Amino acid sequence: SAPLERRMGAYLEREAAAEQEAETATEIRALRIHTLFFESPDRPGEVDIHLDGPDEIHYWTCKYVDGELKDLWVDNN
């Protein structure tokens, strides 16, 4: 949805601004939502978000928990 995409854009911009490595910051700014995974019906406020980026080797995720985006993570393998 557009509101989530706007919030994600603002979140990723904050994460990129805090990143020390310029190349990683550029990649973070290019990330886009790929898939939402609702982990459990018992925890509807917890969603894993898988992100697409410019480097197909990097697997990016973050969490959406009770209205807050957090825990941006990348697997470089």
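None of the values given here were measured: they were computed from a predicted structure.
Residues Leu69 and Cys62 approach most closely at CD2-SG, 4.2 Å, considering heavy atoms. Across all their heavy atoms, Ala25 and Glu19 have their closest contact at N-CG, 3.7 Å. Shortest non-hydrogen contact noted between Tyr11 and Lys70 is OH-C, 3.3 Å.
By the neighbour-count criterion of 12 heavy atoms within 6.0 Å, atom NE2 of His34 is sparsely surrounded, having that number or fewer from other residues, nucleotides or ligands.
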**OP:** Start with the C-alpha distance between Asn76 and His58, add both sets of side-chain angles, then the distance that settles side-chain contact (heavy atoms from CB on, under 4.5 Å), and finish with yes or no.
**Re:** CA-CA 5 Å; Asn76 294 315; His58 295 167; 3.2 Å; yes
**OP:** Decide side-chain contact (heavy atoms from CB on, under 4.5 Å) for Leu36 and Val47; before the verdict, give the C-alpha distance in whole Å, the side-chain angles of both, and the deciding distance to 0.1 Å.
**Re:** CA-CA 6 Å; Leu36 304 176; Val47 181; 4.0 Å; yes
**OP:** Please step through side-chain contact (heavy atoms from CB on, under 4.5 Å) for the pair Leu12 and Leu72, ending with a clear verdict.
**Re:** CA-CA 9 Å; Leu12 293 173; Leu72 183 63; 4.2 Å; yes
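Remark: Ile49 CD1 to Arg32 CZ distance equals 13.5 Å, nearest 0.5 Å. Distance OH/Tyr64 to CZ/Arg7: 4.0 Å, rounded to 0.5 Å. Of the inter-residue distances, the one linking Ile57 atom CD1 with Asp75 atom CG reads 11.0 Å to the nearest 0.5 angstrom.
Put simply, the side chain of Ile33 reaches to within 4.5 Å of the side chain of Leu51, judged on heavy atoms. Counting heavy atoms from C-beta outward, Lys63 and Asp48 have side chains that approach closer than 4.5 Å.
Using bins of under 30°, 30° to 60° and over 60° for the plane-to-plane angle, the ring pair Tyr59/Trp73 lands in the perpendicular bin.
When the side chains of ILVMFWY residues are joined at heavy-atom separations under 4.5 Å, either directly or via intervening members, Trp60 and Leu4 end up in a single hydrophobic cluster.
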